[in-house]
Amino acid sequence: MILGSGIAGSTLGAVLARSGAKVLIADAGTHPRFAVGESMIPQLVAWLQVLAERYDVPEFQALTDATTINEKVSNTFGRKQHFGFMLHRPGQEPDPDESHQFVIPDALTSASHLFRQDSDAYLLRVAVGYGCDTRQQWRAEKIDFDDDGVTVTGTDGHVVRARYLVDASGFRSPLADHLGLREEPARFKHHSRSLFTHMIGVKPFDDVLDVPERSRPPVRWHNGTMHHLFERGWFWIIPFDNHESSRNPLCSVGVTLDPRLYPKPADLTAEEEFAQLLGRFPAVERQFEGARKVREWVSTGRLQYSSGKTVGRRWCLMSHAAGFLDPLYSRGMSNTFEIIHALAPRLLAALAEDDFTEDRFRYVEELEQGLLDYNDTLVNCSFIAFSHFRLWDAVFRVWGSGNTPGTLRINNALRKYRNDGDASVFDALEKVPNTGLWWPDNDDFKTLLDGTAQACAQYEAGEIDGDRAADIVLRLVRESGAVHEGFGWKDVDRRFIHPGRDQILDFLQWAAKSPVPALGTVGRESLDALLAAGAGSAAPIAGVNR
């Protein structure tokens with residue numbers, strides 16, 4: 001039994017049912033429905049492709065390509081070509097040289113902005129198509145475990161008996177409440193709250209900012225996920241109308257704030273507070289001139305929550321039911337699919353062998369907690385650094401430099417699986433020293449992140465100034481063997497990271513020489529396949545991850 005029919009519960013349900021399990025997905029709500037968490041990242045795409053092929057659920061593939069998703073799911077999805085960042089100061093026009101852009105190479109990944117009411121409803125239909133039963137508008141009220149299974153009783157008195165319970169319902173997890181699993185307060189260093197909605201009429205940022213041509217990014221800001229940064233906070237702009245195939249005029253907007261600096265006002269509505277925040281930053285305010293909401297604003301308390309335990313005998317708190325950090329860097333959905341990939345084979349084996357001991361699910365717990373804890377380190381560093389551009393520039397390079405290797409190791413495993421059908425290549429991805437880090441099998445990258453965290457903590461404590469902290473982190477980046485030089489991560493004059501064809505090929509050659517097996521050993525096969533496909537010609541690089 002799975003509680004929650006959102007993107008997590010429906011994806012897991014489809015995988016399990018396709019593999020022969022009898023699955024019930026129960027949800028207190030119904031579809032379609034509003035949800036945030038709309039920005040895809042390369043690792044998300046990679047994990048979804050793995051799930052599609054390992055478990056023979058080809059319908060997942062429709063979500064992994066920005067063109068296909070609009071053809072096979074709905075023409076309501078946006079395109080994500082980049083991560084864009086610009087720093088703002090109250091009452092001032094932004095300095096165009098205090099901006100960054102990391103363009104996602106088309107040759108590696110095609111990402112989208114998910115209109116969640118359509119993507120989530122689609123995934124539930126996929127799960128139902130493979131045999132999942134559903135109960136919608138049904139709320140679990142009582143949960144009882146015994147040696148042979150779990151009994152879940154709804155508020156309507158209906159009783160469900162299952163051999164295993166997965167709670168994928170998110171923050172308001174009935175299982176977390178029943179077992180008293182929440183840590184109070186959440187263990188994370190990072191603090192934030194949020195305001196968000198969908199709006200119509202939000203202008204492309206490119207149209208409200210007049211900057212010299214030399215300061216313009218390689219890709220329009222409107223063509224990706226835009227982050228407007230300010231001290232201890234950031235606005236997100238996620239358009240769904242940024243390509244010709246879309247028929248969705250809406251835009252996801254929100255702001256995330258540290259409540260210790262921006263306490264939640266008791267005398268303002270969420271809409272009034274958002275307008276007040278816009279008034280502090282002229283360029284961002286221009287982007288919203290004439291825009292209006294299409295649904296009510298949501299205003300949260302502290303976003304961070306955590307659980308002391310996420311797996312037990314016959315139960316699992318999955319993904320956002322286990323904990324949450326912050327939408328910065330869009331790791332939520334990627335983490336979800338990675339956790340599904342870890343949970344599904346263990347759960348299928350447990351069902352087949354009628355053995356639900358906690359030890360066989362121990363890695364799932366380690367992964368869930370690690371994903372949250374490492375993200376806490378990075379996001380906390382980022383919020384600290386937003387007040388000093390050079391330090392933020394350094395943190396940006398730490399974050400970005402690990403993304404492509406972290407994705408390549410997954411794609412390399414998938415390529416090998418396609419060649420020989422041996423799923424043990426995915427087991428090898430779990431044998432890592434830093435479970436939950438987005439590049440988990442490279443100790444040099446872990447050292448880089450640890451050094452960054454230490455420098456940011458010293459800056460936050462007033463022990464060193466921002467320039468000194470930035471110098472420390474930038475030196476670590478320059479000296480780290482985990483950072484590939486070709487994309488420009490080590491070059492402080494390169495604020496716009498836009499890997500071209502030759503840079504991608506150089507990166508793959510660098511990866512093929514890596515002593516890290518998930519990059520080197522398998523990476524050489526990927527490089528050979530790429531060269532055989534004509535990487536030296538003028539034609540586009542095709543099929544790096546397909």
Side-chain angles (χ1 to χ4, degrees), residues 1-33 35 37-38 40 43-65 68-69 71-74 77 112 114-136 138 160 162-170 315-322 332-352 361 364 367-368 410 414 417 423 426:
M1 183 178 187
I2 299 171
L3 299 179
S5 65
I7 202 166
S10 293
T11 301
L12 176 65
V15 166
L16 298 177
R18 181 71 179 91
S19 300
K22 184 179 180 182
V23 181
L24 171 66
I25 302 175
D27 198 293
T30 189
H31 289 279
R33 64 189 183 207
E38 300 131 323
M40 299 180 77
Q43 281 184 302
L44 181 161
V45 175
W47 282 118
L48 193 52
Q49 287 175 326
V50 169
L51 291 171
E53 298 203 29
R54 181 176 183 179
Y55 294 101
D56 191 23
V57 187
E59 291 86 354
F60 291 166
Q61 295 282 12
L63 300 177
T64 66
D65 182 88
T68 306
I69 194 172
E71 295 173 347
K72 294 189 175 182
V73 182
S74 171
F77 300 93
S112 300
L114 295 182
F115 191 54
R116 288 287 300 276
Q117 70 180 50
D118 289 350
S119 60
D120 294 17
Y122 169 81
L123 287 169
L124 179 60
R125 292 195 300 271
V126 172
V128 170
Y130 281 111
C132 288
D133 292 325
T134 64
R135 292 190 70 87
Q136 297 192 66
W138 186 87
V160 176
R163 298 169 68 195
Y164 196 91
L165 179 65
V166 176
D167 191 329
S169 63
W315 61 265
C316 174
L317 283 185
M318 193 177 78
S319 192
H320 289 173
M333 288 188 293
S334 176
N335 292 353
T336 292
F337 292 134
E338 185 171 358
I339 292 163
I340 290 171
H341 185 261
L343 176 62
R346 290 169 168 84
L347 186 47
L348 289 167
L351 291 167
F361 296 96
V364 178
L367 178 63
E368 291 197 291
I410 307 166
L414 178 57
Y417 176 74
F426 300 123

Could D56 and R18 be called an ion pair, given the rule that one side-chain N must be under 4.0 Å from one carboxylate O? yes
Rounded to the nearest 0.5 Å, the CE atom of M40 sits from the CG atom of L114 at a distance of 5.0 Å
Quick one: are F337 and F60 in side-chain contact, heavy atoms under 4.5 Å? no
Side-chain contact, heavy-atom cut-off 4.5 Å: D120 with R33? no
Parallel, tilted or perpendicular: which describes the rings of H341 and F426, with under 30° parallel and over 60° perpendicular? perpendicular
As an exercise, state the distance from CG of L44 to OG1 of T64, rounded to the nearest 0.5 Å. 10.0 Å
How about H31 and T134: do any of their side-chain heavy atoms sit closer than 4.5 Å? no
Spacing of CE belonging to M333 relative to CD1 belonging to I7, to within rounding of 0.5 Å: 5.5 Å
Hey, could you give me the OG/CD1 distance between S334 and I410, rounded to the nearest 0.5 Å? 6.5 Å
Student check: side-chain heavy atoms of V364 and C316 closer than 4.5 Å: yes
What are the two closest non-hydrogen atoms of L367 and I339, and how far apart are they? CD2-CA, 4.0 Å
Nearest atoms (heavy-atom pairs only) where A14 meets V126: CB-CG1, 4.1 Å
Member of V166, L165, L24, L317 meeting the side chain to side chain contact (heavy atoms under 4.5 Å, CB included) criterion with L3: L165
At their closest point, which heavy atom of P32 faces which heavy atom of Q117, and how far apart are they? CB-O, 3.8 Å
For the residue pair F77 and Y122, is the inter-centroid distance of their aromatic rings smaller than 6.0 Å? no
CD (E338) and CG (L48) are apart, to the nearest 0.5 Å, by 13.0 Å
Sequence neighbours left out, what passes side-chain hydrogen bond (donor to acceptor under 3.5 Å, both in side chains) with Q136? Give chain and number order. T30
Considering only heavy atoms from C-beta outward, does the side chain of Y164 approach that of L16 to under 4.5 Å? no
So do V23 and I2 actually touch side chain to side chain, heavy atoms under 4.5 Å? yes
Taking every heavy atom of R54 against every heavy atom of P345, the minimum-distance pair comes out as NH2-CB, 3.9 Å
Considering non-hydrogen atoms only, spot the tightest contact between D27 and G6 and give its length. OD2-N, 4.2 Å
Can you find a heavy atom in the side chain of W315 that is under 4.5 Å from one in the side chain of D167? no
With a 4.5 Å cut-off on side-chain heavy atoms, are L63 and L123 touching? yes
When rounded to the nearest 0.5 angstrom, what is the spacing between CZ in R163 and NZ in K22? 11.0 Å
What's the shortest heavy-atom distance between M318 and G9, and which atoms? CE-N, 4.3 Å
Any donor-acceptor N/O pair, S10 side chain to S5 backbone, under 3.5 Å: yes
Derivation of the side-chain contact (heavy atoms from CB on, under 4.5 Å) call for I340 and Y55: CA-CA 12 Å; I340 290 171; Y55 294 101; over 6 Å; no
Go through the structure and list residues passing side-chain hydrogen bond (donor to acceptor under 3.5 Å, both in side chains) with E38, not counting sequence neighbours. H198, S252
Just by modelled atom types, is the Q61 backbone N or O under 3.5 Å from a matching donor or acceptor in the Q49 side chain? no
